[in-house]
Number of protein chains: 2
Amino acid sequence: MQIGKIARATGTKVNTVRYYEEIGLLKPAPRSQSGRRIYADADVERLVFIRRARGLGFSVSEVRSLLEVSDAPNRDCKDAANLARNHLRRVEEQIEQLQAMRQELIGLARACDGGTATDCGIIGGLARKSA
Amino acid sequence: MQIGKIARATGTKVNTVRYYEEIGLLKPAPRSQSGRRIYADADVERLVFIRRARGLGFSVSEVRSLLEVSDAPNRDCKDAANLARNHLRRVEEQIEQLQAMRQELIGLARACDGGTATDCGIIGGLARKSA
DNA sequence: CCTTGATCCTCCAGTAACTGGAGATTGTAA
DNA sequence: TTACAATCTCCAGTTACTGGAGGATCAAGG
């Protein structure tokens with residue numbers, strides 16, 4: 001299949017597929033006589049893997065590592081497990097940060113009763129040095 | 001005061017202060033004879049405002065809008081309130097997304113019992129097309 | 001007076017992970 | 001044949017900084 005089809009099949013943009021090849025997540029696809037990239041079903045699977053990992057928030061370099069493990073079936077999956085654990089911790093930290101932001105934003109919004117900027121709790125709250 | 005001091009006072013890097021000037025969040029600072037930027041107390045307040053808004057996750061262009069409201073004391077703060085509400089919604093969406101990721105990551109990690117990559121629930125889970 | 005170290009200046013490149021577009025081919029269907 | 005879709009390569013732009021090179025300036029100590 002050509003690039004458009006694998007892109008559609010995996011919910012990826014054509015340019016992004018080419019980009020993944022460029023940065024080495026996908027191996028350089030063999031080409032047709034006219035130079036078009038040709039993909040096999042295994043490539044779809046690999047691209048699904050990549051998209052899914054990215055969708056879970058793994059960085060490209062982490063995806064690269066996960067693919068390495070995936071490519072070596074006999075390899076101990078310890079590395080993958082560590083990556084996942086660390087990533088999970090990062091995600092949880094982000095959640096906490098966002099929840100703190102959320103509380104502050106709610107506080108700010110409550111302080112605004114719709115007058116002029118001078119009286120506005122949002123503007124005033126942002127101007128205050130303390131959190 | 002010079003740039004180093006305002007940077008220290010607000011927890012901002014010197015380069016970042018210059019950057020904020022470049023993109024117009026801070027007005028071009030007057031210069032000393034030798035060309036160094038000179039700041040007043042009001043600039044510290046403004047920079048605090050900017051840092052605080054950025055810390056709450058507002059984008060630079062949103063901060064620009066918030067500053068506009070702040071700079072026009074008689075202006076209705078409706079725009080600021082809208083920005084804050086929309087941003088709050090975005091933050092809440094992000095939280096939900098991250099919580100979904102978290103659940104999936106926990107599920108993946110549970111599926112790994114430390115064997116080879118072939119048996120690994122993490123690798124296997126990523127390879128499956130369904131969420 | 002001279003040197004040293006801190007601070008400042010401008011300009012520029014790099015980061016992450018794509019995304020979009022220009023300009024040129026190629027493939028295909030009516 | 002003619003149109004139109006899909007592909008190719010190359011390159012610039014996005015966000016919000018961050019860091020560094022190379023060079024000027026300033027204050028303090030000897």
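Below, read A as the first sequence line, B as the second, and so on, with proteins coming before strands; counting in each chain starts at 1. Everything numeric in this text was worked out from a predicted model, so none of it was measured. We use all heavy atoms of the structure for the numbers below, so side chains are in, but hydrogens, waters and symmetry mates are not.
At a non-hydrogen distance threshold of 4.0 Å, B:Y20, B:S34 from residues 20-34 of chain B come into contact with DNA chain D. DNA chain D is contacted by B:R54, B:S59, B:V60 of residues 54-64 of chain B, taking any non-hydrogen atom closer than 4.0 Å.
You'll find the side chain of A:R18 reaches within 4.5 Å of the side chain of A:V14, heavy atoms only. Looking at heavy atoms from C-beta onward, A:D79 lies out of side-chain contact with A:L83 at the 4.5 angstrom threshold. Between A:D41 and A:M1 there is a side-chain heavy-atom pair separated by less than 4.5 Å. Contact of the B:Y19 side chain with the B:L25 side chain is not registered, since no non-hydrogen atoms from C-beta on lie closer than 4.5 Å. Side-chain atoms of B:L126 and B:I122, non-hydrogen and from C-beta on, do get closer than 4.5 Å to each other.
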Protein N or O to nucleotides 4-8 of chain C N or O, pairs below 3.5 Å:
{"residue": "C:dT7", "atom": "O2", "partner": "B:R36", "partner atom": "NH2", "Å": "3.0"}
{"residue": "C:dC8", "atom": "OP1", "partner": "B:G4", "partner atom": "N", "Å": "2.7"}
{"residue": "C:dC8", "atom": "OP2", "partner": "B:G4", "partner atom": "N", "Å": "3.4"}

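Applying the salt bridge (Lys or Arg N to Asp or Glu O under 4.0 Å) test between B:R102 and each of A:E92, A:E96, A:E93 identifies A:E92 as the sole match.
Residue B:T12 holds its OG1 atom at 4.0 Å from CG of B:L47, rounded to the nearest 0.5 Å.
Side-chain N/O atoms of B:R51 and B:Y20 include a donor and acceptor closer than 3.5 Å.
At least one side-chain nitrogen or oxygen of A:K13 sits closer than 4.0 Å to the OP1 or OP2 atom of C:dG20.
A:H87 places a side-chain N or O within donor-acceptor distance of the main-chain N or O of A:L56, the cut-off being under 3.5 Å. Under the 3.5 Å distance criterion, the side-chain polar atoms of B:E21 are matched with a main-chain donor or acceptor of B:A29.
Across the protein-nucleic acid pair, B:Y19 atom OH and D:dG20 atom P stand 19 Å apart, rounded to whole Å.
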